[in-house]
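Inspection log for the structure reproduced underneath, given as structure tokens.
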Amino acid sequence: MPEPMIAQPEDYFRALVPSRAPLLTDLEAEAAAEEIPIIGPLVGQLLFLLTRITSARRVLELGAATGYSAIWLGEACRETGGEVLTLEHSPELAVRARRNLKTAGLSDRVTVQDGDAISIMGEM
């Protein structure tokens, strides 16, 4: 008889995440090597689904880092006709995020803005 509860839910859901584009797996490896915090494929897939399910047209992300989560969000917005604005405090990371978003073909959907998120949001 099957167990009534999933013993290791994270492992279970991780197995359900479809294969990813090579760029995403490369960014996952870079993040691990450089100790850059990213959301990972499980949460990335969740954000992708939530963005699509809600038909999000405008998404605000705080902290682009290398653009990993912005790629997930941008791919979903490609399907909803939406756009993503991601704010990044570090100019160096903002440059990397823009480069990765360009490689992903999402420069038309995702804008990376340099600066302090609190200050930028205060001006919105």
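Just the heavy atoms: all of them, side chains too, but no hydrogens, waters or symmetry mates, feed the values below.
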Spacing of [X] atom [atom1] and [Y] atom [atom2] [to the nearest 0.5 Å]:
X    : Y    : atom1 : atom2 : answer
L50  : T54  : CG    : OG1   : 7.0 Å
L24  : N100 : CG    : CG    : 9.5 Å
M124 : Q113 : CE    : CD    : 6.0 Å
I39  : E61  : CD1   : CD    : 7.5 Å
T80  : R58  : OG1   : CZ    : 12.5 Å

Q. Under a 4.5 Å cut-off applied to non-hydrogen side-chain atoms, are I71 and R20 in contact?
A. no

**Asked** V110 versus L73: any side-chain heavy-atom pair under 4.5 Å?
**Response**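 V110 does not reach L73 side chain to side chain.
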
* Given L27 and I38, is the side-chain contact (heavy atoms from CB on, under 4.5 Å) satisfied, shown in steps? -> CA-CA 9 Å; L27 291 176; I38 61 170; 5.8 Å; no

Establish whether [X] and [Y] are linked, either directly or via other cluster members, by ILVMFWY side-chain heavy-atom contacts under 4.5 Å.
X   : Y    : answer
V95 : L106 : no
L87 : L101 : no
L23 : L47  : yes

Please give me the minimum heavy-atom distance between [X] and [Y], naming the atom from each residue.
X    : Y   : result
M121 : L60 : SD-CD2, 3.9 Å
D114 : P91 : OD2-CA, 3.6 Å
V84  : G74 : CG2-N, 4.0 Å
C77  : A56 : SG-O, 4.2 Å
A94  : E88 : N-CG, 3.7 Å
R109 : R78 : NE-CA, 3.5 Å

| field | F48/E79 under side-chain contact (heavy atoms from CB on, under 4.5 Å): CA gap, chis, key distance, verdict | value | CA-CA 10 Å; F48 175 84; E79 296 184 27; 3.7 Å; yes

Using modelled atom types and a 3.5 Å cut-off, is there a donor and acceptor pairing between side-chain atoms of R57 and backbone atoms of G81?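 Between the backbone of G81 and the side chain of R57 there is a qualifying donor-acceptor contact (under 3.5 Å).
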
List the steps, then state whether side-chain contact (heavy atoms from CB on, under 4.5 Å) holds for T111 with E83.
CA-CA 8 Å; T111 302; E83 57 189 35; over 6 Å; no

Assess whether side-chain contact (heavy atoms from CB on, under 4.5 Å) is satisfied between V43 and W72, documenting all intermediate values. CA-CA 9 Å; V43 175; W72 285 99; over 6 Å; no

(request) Give a yes or no on this: more than 12 heavy atoms of other residues, nucleotides or ligands lie within 6.0 Å of atom CD1 of I118. (result) no

